Amino acid sequence: MQRLPGFRDFYPEPLPTSDVWSADARTWIFSRWRETARRYGFREYDGPPLEPLELFTLKSGEEIVGQLYNFTDKGEREVAMRPEMTPTLARLVSDAQRHYKKPFKWFAIPQLFRYEKQQKGRLREHFQFNADIIGESNPGIDAELIALVIDSLRATGLTADDFVIRLSSRNAWQQFFEQAGGKPENAYAFYQAVDKLEREQPDVSAKKFADVGVQIDSVNQFIESGQPTEELQSVIEQLTARGLGEFVKIDYHIIRGLAYYTGVVFEAFDRKGEFRAIAGGGRYDNLVKLISGGKVDLPAIGFGMGDVVLTNLLQERGKLPEFTAGIDVYMLIEDESLRGESLKVIQQLRESGKAIEFSTGPLKSDKQFKRALELKSKFMVRVEKSADGALVCRCKNLQTRDEKTVPATELETWASGW
RNA sequence: GUGACCGUAGUUCAAUGGUAGAGCCCCAGAUUGUGGUUCUGGUUGUUGCGGGUUCGAGUCCCGUCGGUCACCCCA
């Protein structure tokens, strides 16, 4: 039985085949994300993976249904697997925001689903680190959130040589569009054209811009100038003050496709440009109001960082650590008459927090030894009876091959030293 | 949803239209005996699936499923 297309199986390392994913790497990345979010004072939240279809069509229109995993449930409800976290977050916020002092900083690591044909860096399911700051509009918040993006990536071992945040602003583009004489009703079409500028033939783009009353030359000129607006200048200054200046650059190519962004927008890319965007986000000051049906009106900024592109990048750059079972001791049981005594020692070590592995049935000692080496166990321990009948443990450091004999009663004390 | 390329053992790959193979992995035995080495043997296939052409198809054709990449769209 095959797994569904675009979905992943996660295995313990070492991986059996090249088409499956590492559960160890996933856990490791999630830990880096959580640990960084904690350092920034973010709190974790979550919601259901299955939501009313309406939650998503409300924000994105009926067009999005074609890209959703949706169906009618047994209670005749129209439902969908969540394709993004923001609508769920907006619901949580509109339901309970009064209980939280503003601004509040929340993050989640939801599994998201999208009914699309898979391609590089893009599957039908992925995990996404989502972090949002709700209820504050000063640019210091924008800088704080972008700093979190940077440090989340740095926590995985990536450096300024590996990635960069391309920083832009809907406000900057809005100003440009107005000064160029664009009409408000054409603003979205204009943003779409800017979003596609890098991927499309120049003459196609030129026509799109002409259709909304803008010269493509002036668009290119604006991008090339890269002059930060006051708002962006403030963000850059605050990141520079943190020593993170080298991780960002003004890049007006970035505008983000979604209609709801209102201010600062940004995307993180690998420096070599081999991958899709690693992360993306921006300000959405009107979305909470929209989702809550006008009940709550709070400014917000957030980003999403998927595990697929990030894992690919870390793999490619050799930044993922070596994952093992993390075994501290392999207990060698050569003499079956000592199995009971060995089990006692195993239990003691486990209760003291050590990771122990052993053969639960009789096995030739060289097999046990090989197993210990395969597991990359730090030590191999063997319980023996000394000449005077006392139980002793022969402990071998498998890295240095040093051997040491300690009384069984003192093994735990000895073990606490490493 | 559209298009291009690709599907052979658990895995990495061979095999002019003419007997489906090798390395690795795994298992067993021996060797080694302060052990990680080495040797011997063994298991494994509806050649993704279904049709067609042919005396004969892994190979050619059609369909289908899956994979990769691009488009569409964007989290």
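Letters go in sequence order (proteins before strands), and every chain restarts at 1. None of these values were measured; they are calculated from a predicted model.
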Whole Å only: how far is the [atom1] atom of [X] from the [atom2] atom of [N]?
X	N	atom1	atom2	value
A/Glu267	B/rC74	CD	P	12 Å
A/Lys367	B/rU32	NZ	C1'	14 Å
A/Arg124	B/rC72	CZ	C1'	14 Å
A/Gln119	B/rG67	CD	P	13 Å
A/Tyr191	B/rC74	OH	P	15 Å
A/Lys120	B/rU68	NZ	P	12 Å
A/Lys117	B/rG3	NZ	P	8 Å
A/Lys364	B/rU32	NZ	P	13 Å

So for [X] and [N], does any side-chain atom that can act as donor or acceptor lie under 3.5 Å from a complementary atom in the base?
X	N	answer
A/Arg8	B/rG67	no
A/Arg122	B/rC74	yes
A/Thr17	B/rG10	no
A/Arg401	B/rG36	yes

Distance check, [atom1] atoms only: [N] and [M], in whole angstrom units.
N	M	atom1	value
B/rG42	B/rG56	C1'	33 Å
B/rU19	B/rU47	P	15 Å
B/rU44	B/rC25	C1'	12 Å
B/rG3	B/rU43	C1'	43 Å
B/rA15	B/rA9	C1'	14 Å
B/rA70	B/rG17	C1'	34 Å
B/rC49	B/rG66	P	15 Å
B/rG18	B/rC60	C1'	15 Å

Counting only side-chain N and O atoms of A/Gln118, is one of them less than 4.0 Å from OP1 or OP2 of B/rG67?
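A/Gln118 to B/rG67 OP1/OP2: side-chain N or O found under 4.0 Å.
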Scan [X] against the nucleic acid and name what it touches under 4.0 Å (heavy atoms): base, sugar-phosphate only, or nothing.
X	answer
A/Thr86	nothing
A/Lys376	nothing
A/Glu116	base
A/Gly281	nothing
A/Gln192	sugar-phosphate

Would you check if there is a donor-acceptor pair between the side chains of [Y] and [X] at a distance under 3.5 Å?
X	Y	result
A/Gln368	A/Arg382	no
A/Glu231	A/Asn171	yes
A/Lys102	A/Gln97	yes

Considering every strand shown, what is the Watson-Crick or G-U wobble mate of [N] when both distances are under 3.5 Å?
N	result
B/rU64	B/rG48
B/rA28	B/rU40
B/rG33	none
B/rU53	none
B/rU11	B/rG23
B/rC71	B/rG1

A/Phe163 and ring-ring contact (aromatic ring centres under 6.0 Å, His included): which single residue from A/Phe247, A/Phe266, A/Phe269 fits?
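Of A/Phe247, A/Phe266, A/Phe269, ring-ring contact (aromatic ring centres under 6.0 Å, His included) with A/Phe163 is met by A/Phe247 alone.
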A/Asp132 side, atom CG; A/Leu148 side, atom CG - distance, nearest 0.5 Å:
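So the CG of A/Asp132 and the CG of A/Leu148 are separated by 10.0 Å.
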From CG (A/Leu244) to CD1 (A/Ile165), nearest 0.5 Å:
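Answer for the CG-CD1 pair, A/Leu244 versus A/Ile165, is 9.5 Å.
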If you assign A/Leu363 and A/Asp366 each to the RNA chain B nucleotide with the nearest heavy atom, which residue ends up on the more 5' nucleotide?
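Between the two, 5'-proximity favours A/Leu363.
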With nearest nucleotide decided by heavy atoms, which residue, A/Glu84 or A/Tyr115, maps closer to the 5′ end of RNA chain B?
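By nearest-heavy-atom nucleotide position, the 5'-most residue is A/Tyr115.
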Checking ring-ring contact (aromatic ring centres under 6.0 Å, His included) for the pair A/Trp106/A/Phe104: CA distance, chi angles, key distance, verdict?
CA-CA 7 Å; A/Trp106 287 3; A/Phe104 50 86; 4.8 Å; yes
May I ask you to say whether A/Asp151 pairs ionically with A/Arg154, meaning some side-chain N is under 4.0 Å from a carboxylate O?
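A salt bridge is present here (some side-chain N lies under 4.0 Å from a carboxylate O).
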